[in-house]
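These numbers come from a predicted model, not from an experiment.
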Amino acid sequence: MKLLVASALLPAFLLLWYVYRKDKIEKEPKKMIANLFVAGGLTIISAMVIEVIGMELLEMVLDPEGVAYKLVSNIVIIAGAEEGGKYYILKKKTWDSPEYNYTYDAVVYAVAVSLGFAAFENVLYVIGGGFGVAILRGFTSVPGHAVDSVFMGYYYGLAKKASVNGQVSKEEGYRTKAIVVPVLLHGFYDFFLSMGSGEYLAVFFGFYIITLIAAIRRVNNLSKNDAPLRAETGNGYYYTDEIM
């Protein structure tokens with residue numbers, strides 16, 4: 001049992017380590033990252049409750065075997081519940097934190113929350129399915145959660161920069177994207193996989209590879225161009241570096 005749990009947790013820890021070590025200028029406190037990881041994991045409870053209720057209601061109006069049902073269930077209910085919970089924890093625990101002062105911080109925080117969820121979820125699946133499930137999910141589902149969180153962190157960082165600059169409308173727009181984009185990525189990932197046919201499976205792998213590459217490139221770019229959200233000039237005025 002211990003080996004099974006370890007195999008379920010290892011992919012999340014490795015991915016978090018990869019993203020964390022990319023934070024080269026000012027590392028985030030490990031205690032903070034651990035708290036975000038655990039809090040993200042606990043959102044699996046709220047997600048399960050919302051998903052059970054949502055599916056029951058959806059079956060009253062749509063055929064469970066139809067494409068419309070699979071689209072709505074995967075994008076609105078499952079992805080909405082899971083990414084919504086992650087975003088809630090992310091904003092509640094980091095938005096006003098004094099540690100949140102660099103552009104790359106947003107990605108580290110979002111990934112920590114998301115991989116906490118992925119790790120807790122993975123343990124449940126692996127205990128029921130064994131090492132085969134651990135290997136499969138270690139290369140698909142867990143990285144998939146990380147990919148979604150990179151885009152959440154990207155837009156969340158832009159929202160924080162807009163807030164620092166007093167750009168209220170931009171802040172609201174980026175905060176909306178910080179939840180909508182991950183929901184769509186997550187939802188279509190699940191939808192393509194749920195369809196079951198060879199054609200949809202091919203689309204799934206293409207979608208997965210493209211989004212994974214895009215996320216890796218974004219992490220590398222944000223890490224390389226990391227900069228303060230707000231810096232003070234010699235005249236005492238504040239400016240925000242337009243890196244992200």
Side-chain angles (χ1 to χ4, degrees), residues 8 11-12 14-16 18-19 22 40 43-44 47 50-51 54-55 58 62 64-87 90 106-107 110-122 124-126 129 132-158 174 176-223 244:
L14 289 176
L15 287 169
L16 181 56
Y18 170 78
V19 172
K22 289 282 187 178
T43 63
I44 194 171
I50 293 171
E51 287 170 21
M55 294 298 192
L58 189 61
L62 292 176
E65 299 301 319
V67 175
Y69 176 88
K70 291 182 178 181
L71 268 173
V72 176
S73 63
N74 284 305
I75 297 175
V76 178
I77 298 176
I78 297 175
E82 295 182 10
E83 299 304 326
K86 294 173 192 175
Y87 180 80
L90 175 65
V107 173
V111 169
V113 172
S114 187
L115 287 178
F117 180 97
F120 279 51
E121 180 187 56
N122 215 31
L124 296 178
Y125 276 101
V126 170
V133 172
I135 294 172
L136 178 62
R137 290 181 59 82
F139 285 99
T140 54
S141 298
V142 177
H145 280 287
V147 166
D148 300 336
S149 65
V150 167
F151 286 93
M152 180 181 289
Y154 171 69
Y155 288 111
Y156 184 69
L158 289 176
Y174 286 133
T176 299
K177 289 181 180 179
I179 180 64
V180 171
V181 172
V183 164
L184 291 175
L185 291 174
H186 187 156
F188 278 109
Y189 173 106
D190 288 349
F191 169 71
F192 294 140
L193 197 57
S194 72
M195 292 301 290
S197 69
E199 293 84 357
Y200 276 104
L201 192 59
V203 173
F204 164 77
F205 280 113
F207 177 82
Y208 174 70
I209 291 170
I210 290 170
T211 55
L212 180 62
I213 292 173
I216 292 172
R217 292 181 63 182
R218 183 142 291 180
V219 166
N220 290 335
N221 182 60
L222 292 172
S223 171
M244 292 185 74

> Judged by atom type as modelled, is there a donor-acceptor pair below 3.5 Å linking the side chain of S223 to the main-chain atoms of N220?
Replying inline: no
>> Between N122 and A118 (side chain of the first, backbone of the second, donor and acceptor by atom type, cut-off under 3.5 Å), is there such a pair?
In response: no
>> Taking the side chain as everything from C-beta on, heavy atoms only, tell me whether I50 gets closer than 4.5 Å to E82.
In response: no
>> Would you compute the distance between atom CD of E83 and atom OG1 of T43 and round it to the nearest 0.5 angstrom?
In response: 9.0 Å
> Would you say the side chain of V142 lies within less than 4.5 Å of the side chain of E121, judging by non-hydrogen atoms?
Replying inline: no
> Looking only at side chains, do D148 and S114 share a donor and an acceptor under 3.5 Å apart?
Replying inline: no
> In Å and rounded to the nearest 0.5 Å, what is the CD1 to CG distance from I179 to L184?
Replying inline: 10.0 Å
> Looking at Y208, F207, F205, which hits ring-ring contact (aromatic ring centres under 6.0 Å, His included) with F192?
Replying inline: F207
>> Is there a side-chain contact (heavy atoms from CB on, under 4.5 Å) between L158 and Y154? Walk through the geometry before answering.
In response: CA-CA 6 Å; L158 289 176; Y154 171 69; 3.7 Å; yes
>> Quick check for you: to the nearest 0.5 Å, what is the distance between K177 atom NZ and F151 atom CZ?
In response: 12.5 Å
> Would a 4.5 Å heavy-atom cut-off, applied to side chains only, mark Y200 and L193 as touching?
Replying inline: no
>> When you compare the side chain of V113 with that of Y87, does any pair of heavy atoms fall below 4.5 Å?
In response: no
> Quick one: are the ring centres of Y156 and Y174 less than 6.0 Å apart?
Replying inline: no
> Which atom pair, heavy atoms only, marks the closest approach of A146 to L15?
Replying inline: CB-CD1, 4.2 Å
> Is the number of heavy atoms from other residues, nucleotides or ligands under 6.0 Å of F139 CZ greater than 12?
Replying inline: no
> Hey, what do you get for CD1 (I216) to OG1 (T211), rounding to the nearest 0.5 Å?
Replying inline: 9.5 Å
> Do the side chains of V107 and V19 get nearer than 4.5 Å, heavy atoms only?
Replying inline: yes
